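Letters A, B, ... are given to chains in the order of the sequence lines, protein chains preceding strands, and every chain is numbered from 1. Just so it is clear, the structure is predicted and the values come from calculations on it, not from any experiment.
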Amino acid sequence: MMDKSFDAAAVESRVSALWEETGAFRAGRPERAGAEPFCMVIPPPNVTGNLHMGHALNNTLQDILARYRRMNGRDVLWQPGTDHAGIATQMVVERKLAEAQQPDRRTMGREAFLERVWAWKAESGGAIVQQLKRLGASCDWSRERFTLDAGLSRAVAKVFVQLYRDGLVYKDKRLVNWDPKFQTAISDLEVLQVECKGAFKWTRESDEPLNAAALGKVLAKNPNGHLYYFDYPVVDAAGEETGDRITVATTRPETMLGDTAVAVHSDDERYATLVGRQVRLPLVGRLIAIVADEYSDPEKGTGAVKITPAHDFNDFEVGKRHEAEGARPINVLDAEGRVFLKDNVAFFEGVESDNDHARLIAAVDGADRFVARLRIVELMALAGFLARIEPHAHMVPHGDRSNVVVEPWLTDQWYVDAKTLAEPALEAVRDGRTQFVPKNWEKTYYDWLENIQPWCVSRQLWWGHQIPAWYSPWGGCYVEESEDAAYAAALADGLERGALTQEEADGLARDPARLAATLRRDEDVLDTWFSSALWPFSTLGWPDETPELKRYYPTDVLVTGFDIIFFWVARMMMMGLHFQNEIPFRDVYIHALVRDEKGAKMSKSKGNVIDPIQLIDKFGADALRFTLAAMAAQGRDIKLSEARVEGYRNFATKIWNASRFAEMNGCARVAGFDPASVREPLNRWILGEAARAAAETAGAIESYRFNDAANAVYRFVWSVFCDWHLELAKPVLQGETDAAAKAETQATIAYVLDAIYALLHPFMPFLSEELWAIKGERGTPRAGPLALGPWPAQGVEVDEAIEAEIGWVVDLIGEIRSVKSEMGVSPSAPVSLVLVSPSARAQSSAAGWSEALKRLARVDAVETAEVAPAGSVQLVVRGEVVALPLAGVVDLAAERARLDREIDKVKLEIVKVVAKLSNDDFLARAPDEVVAEHEERREAFEERLAKLGHARERLEGV
RNA sequence: GGGCGCUUAGCUCAGCGGUAGAGCACUACCUUGACAUGGUAGGGGUCAGAGGUUCAAUCCCUCUAGCGCCCACCA
């Protein structure tokens, strides 16, 4: 006996254990050695993370694909694993250290710190995997990988070295986006533009001195969002002030300390006479040139722009063009974003000594950039060089993790020549080898790759893949896959350069400790996304030529969110094509983001995450999964409502109860049941409907229309099978008149339920697997878990005559129920059903279905008459007139009114159809089948109108 | 400044050239032997607005309004 209700929690753990025992998700099962493989790689979640709604959606969709293909006999590898998530993880551990008031990472040193991170990984890693299992993700968990595993690290080193040798990885000194909080470089993609708008206004002409305290208050809230206008005094060749001033505007006053030029546009007449002159930089005293450069936009600011090559990407370029005029980078900030002056040799170079530097240094040296900002403004105002301050809305770059303003900063970093790698990646999508679904994401992909910049891959962090580069005292840099190789290369280089004698080299080679002390390894680690970019082949064992790599690469589909198209998808394309000479995946399915109620991206830092595990606890994993699938229409973000999940929990209950009903009515599986041999119309009908639902579901899954697939299953199970097949079957199941029909119906129900479990399995794996097992306890033993199939065999055709018969019965029952309800007749009021001059077919149908009619339409008897009994309510159902003799029960005036409404409706329809059919253009230009369809509709409406009119007339006399 | 998307029932959303749909909510009725996490019936929509294309437009095109996202060199 089945339990009275579906206990999701109990079933989930039982079924999980079953999958584990049977190794159902294992790739390369021997019996599928000859099967076509199907492979996906999971977007690896942060190893120390927790499952959020985005993961739940992403993995539900992947699981639907994996299970569907597995049930269809494919050898499925869904490759799982986790990501070390460099900055994110290091950040967590550093925060925990700070919270515990323990020494920070620099104090404890690299080795000790890394131990702490590994400890944290050991402690919290694996939670996400457990959560994915709770969701039902059918990954081959035996193949789980981690981006810092030895194997994957080997792949990373090999790729880095190879790219270096190909000239596609290089070290360069240029401006990078520097995160002063984490004190590391970050890539362009990790920079978010945030709009800032200030609220302070002041002009020198206002007669009021600058109220620095008031400005300070405003800046304390938001240091950005103001435009400051500075006057720079123009000097003559002798360095004497001419009395002219040139006004520049800036949003970052503190960078003026590093100004080395002022640029104006060569066409700007206002400044034509000043080009070639110099200005004396206030507070600093440095003489800097006024240069003509096209970068300067006469429309913006004052048309004259201060040039700070060390702290602005554009200025850096302008500076390169005007190096001869002295526009060199002078760095005035340190790694933490503090003003750095005292020991700054470059800063004082060429500066007259009579300036009051002591005062400047006292005011700003060592001050945070935002503190310095206010002080510089104050000093400029006191010296009379501040012209005005105005609020100015503009975008300010912030680190996506640190959320602090990033600084363009001049450093040595490693770069990947993304432009070169991007070409094949673009080509592969352009020629359709890889396709995006929905297709419109391809434009996003093209736009980014076509304008791609060098990818800064070095990070001044400790948690990650340390860059395999070693430096020697004799100035060499050795990029090698291993320490030994690097040492060998260094010694050879030392000999070649003459920095080492053969003897010295031999000595070093014999003394590894001394060698290690001589060579210094690059301390930086690689961007997390560098290792993620290799995921589709590194997880398959590359650089070894493994059988898995051969069998499963390229993967079939990648399922991911649009937010990581650039971070991840594009880079996997680049690396896959470069290192495997082959696309990493054929399809890229881009799903929506699950957003919070305001449409904002869910993130831990915002604290707006909905916990999927809580929903699973409350409604079951199946309900959550079904909800996500049903809502995953292409092209729109998902706002999840709990009511929806509850609705699909009810759906699970419905299925459970339908299965119980089957059990109670002896619907056991019959060995060798052949759908083709079924005779009863009702059974043939449901088998046809089941086949249709299976085809619809399969088609929808294969084209990534998850919502259509879910809805097809939902409708078939509830609205077709439960509402009609089971209801119509009750008289046969619960009667004793026709044993053969009963047995056939029982067998059919068992068969259709099996099909339902299978159709449902990709969406609701726990419930379906459990019911499959329960139903498998009797009859022929199951070959294995449902997870391994089979997908319902298709091929039962829906017979038109049967369709018409069942359709008529269904409509008739509906009409009777409707009219009773509408006329205020109690459902249980005694009334018989009279067929008025029925066709032979209707008569036999009615006879055959009389029991069902009695039960479902609540009529007492089914009779036949030449004409409708006086004062009866008459219905026209698919051309057949039926009457309910309700004289005395219903108000005849109400019945007349009902018929009149009915007639009006039909007339309106006829007017619409006739209007079209009498339009010559329509007849001439519309496709024939559309015209024919309209003809049929007109005929049907007219026939219905005639019969309704007849019924209406009959009521007149009463 | 560029690009993408959205606007359909009270709410959340499907649909997409030819009869406008779902879930939830709402109303009325139903303790009928699978299921009240249920059943039956019902109310509710000039498919944002304006033009255009078409025999035919919620659907295609253009514009307008509102909302959202992504990208872009911070004067």
Is there a donor in the side chain of [X] and an acceptor in the side chain of [Y], or the other way round, less than 3.5 Å apart?
X: Tyr228(A); Y: Glu390(A); answer: no
X: Asp293(A); Y: His322(A); answer: yes
X: Lys639(A); Y: Ser641(A); answer: no
X: Arg705(A); Y: Ser703(A); answer: yes

[X] [atom1] to [N] [atom2]: how many Å, rounded?
X: Glu933(A); N: C55(B); atom1: CD; atom2: C1'; answer: 15 Å
X: Lys907(A); N: U19(B); atom1: NZ; atom2: P; answer: 22 Å
X: Phe661(A); N: U32(B); atom1: CZ; atom2: P; answer: 15 Å
X: Phe716(A); N: A22(B); atom1: CZ; atom2: C1'; answer: 19 Å
X: Phe566(A); N: G3(B); atom1: CZ; atom2: P; answer: 15 Å
X: Lys905(A); N: G42(B); atom1: NZ; atom2: P; answer: 9 Å
X: Leu449(A); N: A72(B); atom1: CG; atom2: P; answer: 13 Å

Ignoring hydrogens and angles, answer whether the base of [N] and the side-chain atoms of [X] contain a donor-acceptor pair closer than 3.5 Å.
X: Thr653(A); N: U37(B); value: yes
X: Glu822(A); N: A28(B); value: no
X: Arg817(A); N: U40(B); value: no
X: Lys443(A); N: C4(B); value: no

Report yes if a side-chain nitrogen or oxygen of [X] is closer than 4.0 Å to either non-bridging phosphate oxygen (OP1 or OP2) of [N]; otherwise report no.
X: Arg660(A); N: A34(B); result: no
X: Gln193(A); N: G2(B); result: no
X: His392(A); N: A75(B); result: yes
X: Lys654(A); N: G39(B); result: yes
X: Trp656(A); N: G38(B); result: no
X: Lys820(A); N: A28(B); result: no
X: Lys730(A); N: U32(B); result: no

Under 4.0 Å between any heavy atoms, over every strand shown, what does [X] touch: base, sugar-phosphate, or nothing? Just pick one.
X: Ser818(A); answer: sugar-phosphate
X: Tyr295(A); answer: base
X: Arg855(A); answer: nothing
X: Met395(A); answer: base
X: Ala643(A); answer: sugar-phosphate
X: Asn665(A); answer: nothing
X: Ser826(A); answer: nothing
X: Asp315(A); answer: nothing
X: Glu663(A); answer: nothing
X: Val248(A); answer: nothing
X: Cys196(A); answer: nothing

Closest to side chain of [X], choosing from [options]:
X: Asp297(A); options: U12(B), A75(B), A41(B); result: A75(B)
X: Lys916(A); options: A75(B), U19(B), G3(B); result: U19(B)
X: Glu727(A); options: A75(B), C29(B), A34(B); result: A34(B)
X: Trp718(A); options: A75(B), C74(B), G38(B); result: G38(B)
X: Asn314(A); options: C74(B), A75(B), C73(B); result: C73(B)
X: His394(A); options: C55(B), A34(B), A75(B); result: A75(B)
X: Asn919(A); options: A34(B), C55(B), C13(B); result: C55(B)
X: Asn650(A); options: A14(B), C4(B), U37(B); result: U37(B)
X: Phe922(A); options: C55(B), A56(B), A75(B); result: C55(B)
X: Met631(A); options: A34(B), U12(B), A14(B); result: U12(B)

Complementary nucleotide of U7(B), counting Watson-Crick and G-U pairs under 3.5 Å: A65(B)

When the [atom1] atoms of [N] and [M] are considered, how many whole Å apart are they?
N: U8(B); M: U46(B); atom1: C1'; result: 12 Å
N: A75(B); M: G3(B); atom1: C1'; result: 26 Å
N: C47(B); M: A9(B); atom1: P; result: 10 Å
N: U40(B); M: C35(B); atom1: P; result: 14 Å
N: A14(B); M: G2(B); atom1: P; result: 29 Å
N: A20(B); M: U62(B); atom1: P; result: 27 Å
N: G15(B); M: C6(B); atom1: C1'; result: 15 Å
N: G10(B); M: U27(B); atom1: C1'; result: 13 Å

Using side-chain heavy atoms (C-beta onward) and a distance below 4.5 Å, is Pro253(A) in contact with Met380(A)? no

Angle between ring planes, Tyr714(A) versus Tyr648(A), binned at 30° and 60°: parallel, tilted or perpendicular? perpendicular

When Ala633(A) and Leu923(A) are each assigned the nearest nucleotide of RNA chain B, the 5'-most assignment goes to Ala633(A)

Of Glu646(A) and Leu640(A), the one whose closest RNA chain B nucleotide lies more 5': Leu640(A)

Does the gap between the ring centers of [X] and [Y] come in under 6.0 Å?
X: Phe626(A); Y: Phe763(A); value: yes
X: Tyr445(A); Y: Phe436(A); value: yes
X: Phe316(A); Y: His311(A); value: no

Kindly determine whether His934(A) and Phe922(A) satisfy ring-ring contact (aromatic ring centres under 6.0 Å, His included), including the steps that lead there. CA-CA 11 Å; His934(A) 278 72; Phe922(A) 174 72; 5.1 Å; yes

